[in-house]
S.K.: 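The structure under discussion is supplied below as structure tokens; questions concerning it will follow.
All residue numbers refer to positions in the sequence shown, counting from 1.
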Amino acid sequence: MSTTYRFSLGPWNIHPGADPFGPPVRPPVSFDDVLCAAIDLGFAAVQFHDDDAVPALEDLPPAAIVREAREMRKRLDDRGLVPEFVAPRLWENTHGIDGGYTSNCSKARTWAIERSKRAVDVALALGCDLIVMWPAREGTNVRESKNPIEASRQMLLAIDAILSAAPNVRIAIEPKPNEPVDHAFVPTIGHALALGARSSDPARVGVLIETAHAILAGLDPADEMGFALAAGKLWSVHLNDQNGLKFDQDKVFGAANLRGAFDQVRVLELAGYAETGRFIGFDVKAQRTQRAGAATAHLATSKRIFEMLVAKVRSFPTKAAAECIANRDYESLERLVLEHLLAA
Ligand code: 3MF
Ligand code: MG
């Protein structure tokens, strides 16, 4: 059993700097460059959207999709990298304008399920069994535009369709309460786990927790992780940070709330997450101001801060803390934590 962590990144974590108010400011980064960066930064795995692995998948028959995914697998193999998961990217396609699984258009719903099955094909051809479901536009901007009861049923249908696509495929739902929609139908870990429990095979449905998404839901990321860990359902994480309730910032891990980051690492350590072999992902975004050569610094910093916090958790004075707890002296515990965080 290993107590060292394994890290993964997504190609979208290295990007040319476009935001909703301005165009790219750095040259595009080729997929090979992403793979090189992963190796240089000490990341072992790559996270994929289905069309990161097979860019033209909408125009290809299933057999060709599998062929291309196998080629991608070879590119990973050649570099000693592994795939962590594949996520169907429904939110960029015109069919998914109003959501995929919960669209008001039945053709779009059929498309979303078919596309998700292709994502399963891609995952299996890449050599991984994990599908991440971020239900990006599965929600409303105008509440009355959809029936939330029907939407829950449709989300369940989608989960079951993916589960039935292959006997070994697993789903990690990545909930987010808002953005790009005002109200998402699967806003929290509780919702995701409840849906999984109602699926055709609950053992194959878990969650991916992103720090910023939990904060946007007004929840504590460490406690969200604890809830999922208690159920044996935390199958991946997107560690990052978020400065209050605003757009999803994807800040460097620990950049807004270092103590909150410590608490997330603490709960992962309490659960022995490293020993499960599951990956630590950082869903962080390079600042738009970064010059091209330095546009992976946010990943390096997140990993470094994570590792420093692992050391902080492992050197935490647990005996002194236990005494504080036994005496119900939480003020002293507070001080112990703060002094430990500030100690060199
Ligand atoms: C959005 C996200 C997504 C997901 C990714 C994997 C683009 O806030 O977090 O990043 O993590 O699509 O499913
Ligand atoms: Mg994410």
S.K.: Students often mix this up, so state it plainly: with edges at 30° and 60°, are the rings of F43 and F282 parallel, tilted or perpendicular?
M.R.: perpendicular

S.K.: Does a donor on one side chain sit under 3.5 Å from an acceptor on the other, for Q249 and D241?
M.R.: no

S.K.: Between T296 (side chain only) and L299 (backbone N and O only), is there a donor and an acceptor less than 3.5 Å apart?
M.R.: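 No.
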
S.K.: Looking at H298 and V252, would you say the former's side chain and the latter's main chain have a donor-acceptor pair under 3.5 Å?
M.R.: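 No, H298 side chain to V252 backbone: no donor-acceptor pair under 3.5 Å.
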
S.K.: Answer yes or no: is there an ion pair linking R75 with E71, defined by an N-O contact shorter than 4.0 Å?
M.R.: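 Salt bridge between R75 and E71, a charged N being under 4.0 Å from a carboxylate O: no.
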
S.K.: Under a 3.5 Å distance rule, please check whether K146 uses its side chain to pair with a backbone N or O of T102 as donor and acceptor.
M.R.: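 Here the side-chain-to-backbone pair exists.
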
S.K.: Any pair with a residue in residues 154-196 that passes ring pair (Phe, Tyr, Trp, His ring centres under 6.0 Å), sequence neighbours left out, goes on the list, sorted by first then second residue, please.
M.R.: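 Ring pair (Phe, Tyr, Trp, His ring centres under 6.0 Å) check on residues 154-196 returns no pairs.
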
S.K.: Within the 3.5 Å criterion, strictly below it, is a donor on D283 or N240 matched to an acceptor on the partner's side chain?
M.R.: no

S.K.: Hey, does the side chain of S103 reach the backbone of G100 with a donor-acceptor pair shorter than 3.5 angstrom?
M.R.: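 Not at all, since once roles are kept as given, no pair shorter than 3.5 Å links the two residues.
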
S.K.: Starting from the C-alpha separation in whole Å, work towards a yes-or-no answer on ring-ring contact (aromatic ring centres under 6.0 Å, His included) for H49 and W134.
M.R.: CA-CA 10 Å; H49 292 119; W134 170 44; 8.0 Å; no

S.K.: Quick check: is I65 connected to V169 through a chain of hydrophobic side chains (ILVMFWY, heavy atoms under 4.5 Å apart)?
M.R.: yes

S.K.: Just wondering, more than 12 heavy atoms not from F227 lying within 6.0 Å of its CZ?
M.R.: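 For F227, atom CZ is not crowded (no more than 12 foreign heavy atoms under 6.0 Å).
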
S.K.: Give a yes or no on whether the backbone of Q290 and the side-chain of R26 come within a donor-acceptor separation of less than 3.5 Å.
M.R.: yes

S.K.: Distance-only, no hydrogens or angles: does the R137 side chain make a donor-acceptor pair with backbone N or O of D98 under 3.5 Å?
M.R.: no

S.K.: Can a donor-acceptor pair be found between the side chains of Q47 and H238 at a distance below 3.5 Å?
M.R.: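 There is such a pair between these side chains.
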
S.K.: Quick one: does S236's side chain have a donor or acceptor within less than 3.5 Å of a partner on L208's backbone?
M.R.: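 Here the side-chain-to-backbone pair does not exist.
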
S.K.: Linking I/L/V/M/F/W/Y whenever any side-chain heavy atoms sit under 4.5 Å apart, do L163 and V122 land together?
M.R.: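 Yes, same cluster.
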
S.K.: Before accepting this row, confirm whether a basic side-chain N of the pair E331/R335 lies closer than 4.0 Å to the acidic partner's carboxylate O.
M.R.: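 No, this pair does not count.
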
S.K.: Please confirm whether the backbone N or O of D223 pairs with a side-chain atom of Q264, one donor and one acceptor, at under 3.5 Å?
M.R.: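 Absent.
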
S.K.: Look at the side-chain heavy atoms of Ile, Leu, Val, Met, Phe, Trp and Tyr, link any pair under 4.5 Å apart, and say whether L124 and I162 land in one connected group.
M.R.: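 As far as the 4.5 Å side-chain criterion goes, I162 and L124 are connected within one cluster.
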
S.K.: Please check if the side chain of E269 supplies one atom and the backbone of R314 the other of a donor-acceptor pair under 3.5 Å.
M.R.: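 Between the backbone of R314 and the side chain of E269 there is no qualifying donor-acceptor contact (under 3.5 Å).
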
